[in-house]
Amino acid sequence: MTGRGPINSTINLISSKNNPKLVARVFSEGEAIDPTEMTVLQQMRFLAGWWWVGFVTFPRIVREAAALFFRRKLHVWYRPEPLSTSIGRNADKIERQLEPLFRRYLKHLVEQSPEPLVVRYVPSGIADAQAEIMRSPQARKDPSLAAEMEFKVLTPAFYSRFVYYAHDFEAMFCELNENNTIWVSKPELLPKLFIKAQPPRLVQTTSYLDYGYFTAIKNLRRRPGRIERPLTSSQTGTATHTQEDIRGFRLSSMDGYVLAHENTKARRVYMNSVLKLFLADRIAMGSADILQVEHWFLKLLLAWIAMS
C-alpha cells in the first residue's frame with residue numbers, strides 16, 4: 001500500500017454458503033504519519049502514546065482463545081498457507097538459515113542435470129532474498145532447447161519441512177500436492193531434477209562431531225505431518241488415520257550435499273538447525289522456542305546441582 005491519503009477499508013468475511021460471518025472496518029482518524037520523516041522526539045511521543053495497546057489487548061485475546069479451546073472444545077487452526085498469488089509470512093530464524101542452503105542445493109541439482117533445464121527459483125519470507133535463474137550445462141550450451149520451470153516457495157515453512165524427508169521426490173510430491181507450500185509452473189519437469197538415475201554415493205567424514213550429528217539426524221528423522229486446514233461449512237469431515245512409515249530412514253540427498261560440498265560453517269548451521277527441529281518435535285511440542293526454554297532450564301538445573 002502506497003500513498004499519503006486516509007485509509008477507509010471494510011472487510012467482509014463470507015462463508016462458503018455466502019453467509020456473512022464477520023465485518024471489520026479499518027479507517028484513519030487523522031493525517032497519515034511517515035516514520036521516516038519523524039524526528040526522534042516525535043517518535044518517542046508516538047511510542048509513549050501507543051505502547052500500552054498490545055499489553056492491554058493481548059491478555060484478552062489469550063483469555064478468549066483459552067475459553068474457546070478448553071470450554072467450547074473448538075479446534076485451533078494455524079494460519080492457513082497462502083495461495084500462489086499471496087504473500088507468505090516472514091521466516092523464523094531456522095527457516096532463514098535453511099533458505100540459502102536449500103537454494104544452493106537446488107542450484108547444485110540443476111547443474112548436475114543432464115537435461116536442458118532453466119529453473120527460476122522464488123524464495124519466500126525473507127526480505128532480502130532475491131529470485132534466481134538457474135541453468136543446467138545443456139541449457140547454457142543450447143538455450144533454444146531448454147525447458148523452463150518456475151519453482152516458487154509459498155511459505156518459509158517449506159524450508160523446515162523439506163529437511164524432514166529422506167527422499168527428495170517424495171518431498172516435492174507431498175509439499176506440492178498435499179501441503180501446498182510450493183508452486184511449480186511445470187510439475188512434469190520435477191522428476192528430471194529430483195529423481196536420480198543412480199542412488200547417491202555414500203559420503204564419508206573424518207570429523208567425529210559431524211558423524212555424531214548426522215547419525216542423530218538420521219535416527220530422529222521422520223516424515224512431517226500433513227498440514228491440516230479448516231473445513232468450510234459446505235465440506236464434511238473425514239476420518240484421518242496416522243500411517244506408520246516402515247521404511248528405514250537414511251541420510252537424505254541434501255544431507256549428503258551439505259557434507260560433501262558445504263564448508264565447515266555452513267555444515268554447523270545446517271546440523272544445528274535440523275537437529276533443533278527434530279528434537280523440538282520429540283520433546284518440545286514442535287516448538288524451537290520451547291526447546292530453547294528447556295535448554296536454559298536444564299543448564300540452570302545443572303548449575304544448581306554443581307553448586308549445591
Side-chain angles (χ1 to χ4, degrees), residues 90-113 119 121 123-137 151 153 156-168 171-172 175 193-194 196 198-224 248-284 286-296 298-299 302:
N90 291 330
D92 61 25
K93 180 180 179 182
I94 291 180
E95 291 162 350
R96 288 196 301 270
Q97 292 173 334
L98 290 176
E99 189 278 331
L101 288 163
F102 176 79
R103 178 193 294 261
R104 293 197 292 270
Y105 175 58
L106 180 63
K107 189 173 184 179
H108 169 76
L109 292 179
V110 173
E111 291 175 347
Q112 294 296 313
S113 174
V119 177
Y121 165 71
S124 174
I126 303 173
D128 57 350
Q130 302 296 320
E132 183 176 354
I133 305 295
M134 306 172 182
R135 293 180 173 85
S136 68
F151 187 101
V153 180
F158 168 77
Y159 304 119
S160 57
R161 291 178 60 85
F162 182 78
V163 296
Y164 279 84
Y165 294 93
H167 308 277
D168 286 355
M172 292 298 111
E175 296 306 306
L193 270 182
F194 294 100
K196 284 78 175 176
Q198 297 178 350
R201 58 187 179 87
L202 295 176
V203 180
Q204 297 181 344
T205 176
T206 57
S207 168
Y208 289 107
L209 183 62
D210 289 354
Y211 177 80
Y213 264 97
F214 279 100
T215 299
I217 287 171
K218 182 185 69 172
N219 293 334
L220 291 173
R221 174 172 274 128
R222 60 184 177 186
R223 179 176 171 176
F249 280 98
R250 56 172 174 79
L251 290 182
S252 68
S253 296
M254 187 168 176
D255 294 342
Y257 162 79
V258 171
L259 267 173
H261 299 281
E262 292 290 345
N263 58 32
T264 302
K265 182 180 178 181
R267 286 201 304 271
R268 294 288 182 270
V269 170
Y270 179 81
M271 294 185 299
N272 289 332
S273 299
V274 175
L275 202 56
K276 280 181 183 178
L277 289 171
F278 291 1
L279 287 174
D281 253 4
R282 303 279 180 160
I283 62 176
S287 171
D289 293 332
I290 295 178
L291 181 67
Q292 186 66 40
V293 172
E294 292 174 348
H295 183 222
W296 289 339
L298 179 61
K299 289 199 294 186
L302 292 176

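Predicted model only: the values in this text are computed from it and were never measured. Heavy-atom basis, side chains included; hydrogens, waters and symmetry copies ignored.
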note = In terms of heavy-atom contacts, S253 and D168 come closest through CB-OD2, 3.6 Å
ask   = Is any NZ, NE, NH1 or NH2 atom of the basic residue among D289 and K276 found under 4.0 Å from an Asp or Glu carboxylate oxygen of the other?
value = no
message = Rounded at 0.5 Å granularity, tell me how far CD in E95 sits from OG in S124.
response = 9.0 Å
message = If you compare all heavy atoms of F278 against all heavy atoms of V163, which two are closest, and at what distance to 0.1 Å?
response = CZ-O, 3.6 Å
request  = Using a strict 4.0 Å threshold on nitrogen-to-oxygen distance, state whether E262 and R104 make a salt bridge.
outcome  = yes
request  = Please tell me if the side chains of L101 and M254 come closer than 4.5 Å, counting only heavy atoms from C-beta onward.
outcome  = yes
query = Quick one: CD on Q130 to CZ on R103, what's the gap to the nearest 0.5 Å?
reply = 8.0 Å
query = When you measure from the side chain of S160 to the backbone N and O of A157, does any donor-acceptor pair fall under 3.5 Å?
reply = yes
Approximate separation, where rounding is to 0.5 Å, of N263 CG and R268 CZ = 10.0 Å
inquiry  = Less than 3.5 Å apart, any donor N or O on the side chain of Y159 or Q97 sitting next to an acceptor on the other?
reply    = no
request  = Can you label the angle between the F102 ring and the F151 ring as parallel, tilted or perpendicular, going by 30° and 60°?
outcome  = tilted
query = If you round to the nearest 0.5 Å, how far is CZ of R221 from CG of D281?
reply = 12.5 Å
Straight-line distance of N272 CG to L277 CG, nearest 0.5 Å = 11.0 Å
message = Working to the nearest 0.5 angstrom, can you tell me the gap between Y121 OH and L106 CG?
response = 7.5 Å
Pair D255 + K218, salt bridge at N-O below 4.0 Å = no
